[in-house]
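Step one of this worksheet: look at the structure below.
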There are 2 protein chains.
Amino acid sequence: MSQRKSVTMKDVAREAGVALSTVSHFLNQSAPLSEETRQKIKKAIEKLNYRPNLTARNLKKRKTNTIGVFVPDIANPFYAEIYKGVADAAREKKYNVILYATSYQKDREYDFVRLVTQWQVDGVIVSYSLIDENLWSKLERADIPLVLVDVYPVNNRWPSVVVDSETGIQLAVQYLFNLGHREIAYLSEPPYILPLVKRQQAFIDSIKHLKLPLNKEWILVEKKQANRVEIGYALGKKLLSGKNLPTAVVTSSDLVAIGAMKAFLESGLKIPDDMSIVGFDDIIFSSYVHPSLTTIRQPKYEMSKKGTEFLLQLIERRESFALQDKLHRIKPVLVERLSCSAPRKR
Amino acid sequence: MSQRKSVTMKDVAREAGVALSTVSHFLNQSAPLSEETRQKIKKAIEKLNYRPNLTARNLKKRKTNTIGVFVPDIANPFYAEIYKGVADAAREKKYNVILYATSYQKDREYDFVRLVTQWQVDGVIVSYSLIDENLWSKLERADIPLVLVDVYPVNNRWPSVVVDSETGIQLAVQYLFNLGHREIAYLSEPPYILPLVKRQQAFIDSIKHLKLPLNKEWILVEKKQANRVEIGYALGKKLLSGKNLPTAVVTSSDLVAIGAMKAFLESGLKIPDDMSIVGFDDIIFSSYVHPSLTTIRQPKYEMSKKGTEFLLQLIERRESFALQDKLHRIKPVLVERLSCSAPRKR
DNA sequence: CTGAAAGCGCTAACAC
DNA sequence: GTGTTAGCGCTTTCAG
């Protein structure tokens, strides 16, 4: 094979003239040592350029101190935030994190499951709705600590941290209503995860609840997976091509909103004067587009951080949790920026 | 400890009534087996829900089949692209990748070095300029396969894939010049990596070369680390507060450009009519801001993919490489979009 | 406080 | 084809 020869604890022990276990104790501070031995060992380590082998340690301890995160696409700022929450929580407890991103490619889901089931990680955060039922059951059999973030409980098996999508959409619609809008459209990426389904339904419910017109042409839901911004752009154009134009738009995510804004601006509409728009997520870019985007803020970072802290508890205590603890619903808030105003008379 | 009891190859062998090594051969396809034994083993694995322990395998083979990627900030789309290139190249060769992002926090750099030096990864892609000289030397001592991406060779020690920043900036300045601009500013994030230093110098050189006025007030370089877009926004405002306004701006990165655009638009300037702007990088968002951003495209994905392929060769062949192979310079191209036009008479 | 010894689960000769 | 065996580098009793 191709490996370099490596310096082991044994070498260090020999060099320092102590027993192997003493070196181990030194490294793990698992026993008090005399200052003299400490120095000898320190010197030996330095001299030999010894570096402990984590793999061996992991094998022995049957623990890797690593958790996995599973997301569809890391270039999506939403998931980048999720990742950060996980990474920060993990770091606090001295865990490493290994990221899996599928780019929405199905075969990659299997790779992830393989990783998880081969003792490479102590637990896993899933922010991805595995399409394949089969994969969920494999994860179930593996019986590995798992927490879902932004994914509703599957099989009532794993704890889950989600944002309350219904409240979010209600917030958006009510906000537009209060501004005077009566004709509101909804643009959505493919509802491949439950929150997206719920948002769509919540939109319809909210419109009905306010007794506003429910125009089928104004509920545009993309079917094909693609870049979120491109989807928004396409949906925006589609909306513009209809005979009746609404005065405001609610979207399933900020990326879709940003794409739609581009379509509107290109066509010469002014935002917010001719068209108000509200997003969902509050990714970092939403405050930097022009005009800045009013949106429903999902506390992604906090969600994934909290979920991860929970996961680490599961790992370290192997504790079972009460059913009522399984679903954590976080309330979203509306972040008011410059993409909405009262409708202009047309 | 907290681990679940685990089913091992030994259990499978017993259950199937064959020798342990036979199971190993089955798993690794390292020897041809009779159909009968294969079936027996398969059944036993299924029955016991056996899952191979990668940690043990790694220890034995002294190889983890994992590479590390080191970046400052994964929420920055530029680095998300870098990550994708690495992930795809790794996947092709059945390697896992583990991501380290520091969020520009110095103490996290040490975590990364620790990971690398503890045999957790077979090699590493670094797209980050470690500030601490000391860390570089630790990596050097560890003697682990390492390839730099978007970082110039350090100590002439590691191979490196970089974009030709000078050419990029020349392209930008020449393009603006050809449009008729004579008063051009340069906005830059902190030049914490060599390419940024080179871009700044290349800007000055280009201006001189074209015999244009070199106004100190028009070369705005931020000192403090911060979100790139916020930096751009702040620099944009600063530029606006000066007494003379240029007609065009070149920036060190798209994120800075996007921030600056926001500042310009807010102040009522029209882009490109009142101010032309060109970015550097071509991140995905640049085509979705309004107006879409003309920029110098860095083939980030290709760079990191290529770098990773190179790394994997180093790992698998432990080959040394000729000096002239160490630096791969990729030529950038100008992507023309809608943020530039001829200057308006003022 | 120090040292000897028994594995963690797997691979890879090497015999049979 | 199949089985035996010696470790990979480390942790962790348990004696001294």
Side-chain angles (χ1 to χ4, degrees), chain A residues 1-41 44-45 48-65 114 117-122 142, chain B residues 1-42 44-45 48-66 114 117-122 142:
Chain A
M1 305 285 348
S2 59
Q3 58 281 3
R4 311 134 259 182
K5 85 224 155 293
S6 60
V7 178
T8 73
M9 265 176 47
K10 204 170 157 186
D11 301 317
V12 175
R14 192 187 316 112
E15 176 73 26
V18 301
L20 193 135
S21 63
T22 310
V23 179
S24 174
H25 283 139
F26 171 83
L27 259 21
N28 299 298
Q29 302 175 42
S30 45
L33 302 181
S34 74
E35 185 55 28
E36 198 197 335
T37 7
R38 303 171 62 98
Q39 286 307 325
K40 280 194 294 189
I41 295 174
I45 287 177
L48 300 176
N49 190 26
Y50 166 74
R51 298 173 288 129
N53 182 323
L54 259 279
T55 304
R57 178 178 220 268
N58 291 344
L59 175 60
K60 183 67 196 178
K61 304 198 80 162
R62 309 166 97 204
K63 189 148 182 321
T64 59
N65 268 270
R114 195 172 311 129
T117 57
Q118 298 195 339
W119 315 94
Q120 295 259 60
V121 293
D122 296 333
Chain B
M1 307 286 344
S2 60
Q3 57 281 1
R4 310 134 259 184
K5 86 228 153 290
S6 61
V7 178
T8 72
M9 265 177 47
K10 203 169 160 186
D11 302 317
V12 175
R14 194 189 314 111
E15 175 74 28
V18 300
L20 195 142
S21 64
T22 311
V23 179
S24 174
H25 282 138
F26 171 83
L27 260 21
N28 299 298
Q29 302 174 42
S30 45
L33 302 182
S34 75
E35 184 55 26
E36 198 196 335
T37 10
R38 303 170 62 98
Q39 285 308 324
K40 281 196 293 190
I41 295 174
K42 221 168 174 174
I45 287 178
L48 300 175
N49 191 26
Y50 167 74
R51 299 173 288 129
N53 183 322
L54 259 279
T55 304
R57 178 178 220 269
N58 290 345
L59 174 60
K60 182 66 194 177
K61 304 197 81 163
R62 308 165 99 204
K63 187 148 183 322
T64 59
N65 269 269
T66 301
R114 196 173 310 128
T117 56
Q118 297 195 340
W119 314 94
Q120 296 258 62
V121 293
D122 296 334

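Each chain gets a letter, A, B and so on, in the order the sequences are listed, and its residues count up from 1.
Computed from coordinates, the A/Asn65 CG to D/dC10 P distance equals 16 Å when rounded to whole Å. Distance, B/Asp11 CG to C/dC8 P: 11 Å, rounded to whole Å. With rounding to whole Å, A/Lys63 atom NZ is found 14 Å from D/dT11 atom P. A straight line from CG of A/Asn28 to P of C/dT2 spans 15 Å, rounded to a whole angstrom. Nucleotide C/dC1 holds its C1' atom 14 Å from the CD atom of A/Glu35, rounded to whole Å. B/Arg57 places its CZ atom 17 Å from the P atom of D/dG9, with the value rounded to the nearest Å. C/dG9 atom C1' lies 13 Å from atom CD of A/Gln118, rounded to whole Å. In this structure, NZ of A/Lys61 is placed 14 Å from C1' of D/dG9, rounded to the nearest angstrom.
Contact annotation: side chain of A/Lys10 to base of D/dG9, donor-acceptor pair absent below 3.5 Å. Side chain B/Ser21 to base D/dT4: a donor-acceptor pair is found below 3.5 Å. Counting atom types as modelled, B/Lys60 pairs no side-chain N or O with a base atom of C/dG9 as donor and acceptor under 3.5 Å. In the interface, the side chain of B/Ser34 is not paired with the base of D/dG1 through any donor and acceptor atom under 3.5 Å apart.
Cation-pi check for A/Arg62 over A/Trp119 is not met; the charged atom does not lie both under 6.0 angstrom from the ring centroid and within 45 degrees of its normal.
B/Leu33 comes within contact range of the sugar-phosphate backbone alone, with a heavy-atom separation under 4.0 Å but no base atom that close. Using a 4.0 Å heavy-atom distance criterion, A/Tyr50 is classed as a sugar-phosphate-only contact. Nucleic acid contact for A/Asn58: none, since no nucleic acid atom lies under 4.0 Å from a heavy atom of the residue.
Across D/dT11, C/dC10, D/dG9, the shortest atom-to-atom separation from the side chain of B/Ala56 is found for C/dC10. If you check D/dC10, C/dC10, C/dG3 against the side chain of A/His25, the one that comes closest is C/dG3. Checking C/dC1, C/dG9, D/dT11 against every side-chain atom of A/Pro32, the shortest atom distance belongs to C/dC1. Distances from the side chain of B/Ser6 to the nucleotides D/dG3, C/dG9, C/dC1 place C/dG9 closest. The nucleotide whose nearest atom lies closest to any side-chain atom of B/Ala31 is, among C/dT2, D/dG9, D/dT2, D/dT2. Among C/dC10, C/dG3, D/dG3, the nucleotide with an atom closest to any side-chain atom of A/Ala19 is C/dG3. Counting only heavy atoms from C-beta on, B/Met9 has its side chain closest to C/dT11 among D/dT12, C/dA13, C/dT11.
Residues B/Asn53 and B/Thr8 have side chains not in contact (no heavy-atom distance under 4.5 Å, counting atoms from C-beta outward).
For B/Arg62, a side-chain nitrogen or oxygen approaches OP1 or OP2 of D/dG9 to under 4.0 Å. At the phosphate of D/dT2, neither OP1 nor OP2 sits under 4.0 Å from any side-chain N or O atom of B/Thr22.
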Test side-chain hydrogen bond (donor to acceptor under 3.5 Å, both in side chains) on B/Asn28 and B/Arg57; report intermediate values, then the result. CA-CA 11 Å; B/Asn28 299 298; B/Arg57 178 178 220 269; 2.9 Å; yes
Step by step, work out the side chain to side chain contact (heavy atoms under 4.5 Å, CB included) result for B/Val23 and B/Val18. CA-CA 8 Å; B/Val23 179; B/Val18 300; 3.9 Å; yes
Could you walk me through whether B/Asn49 and B/Val7 pass side chain to side chain contact (heavy atoms under 4.5 Å, CB included), step by step? CA-CA 8 Å; B/Asn49 191 26; B/Val7 178; 6.0 Å; no
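In this structure, CD on B/Gln120 lies 9.5 Å from CG on B/Asn58, to the nearest 0.5 angstrom.
Between A/Thr37 and A/Leu20, the residue anchored closer to the 5' end of DNA chain C is A/Thr37, taking for each the nucleotide with the nearest heavy atom.
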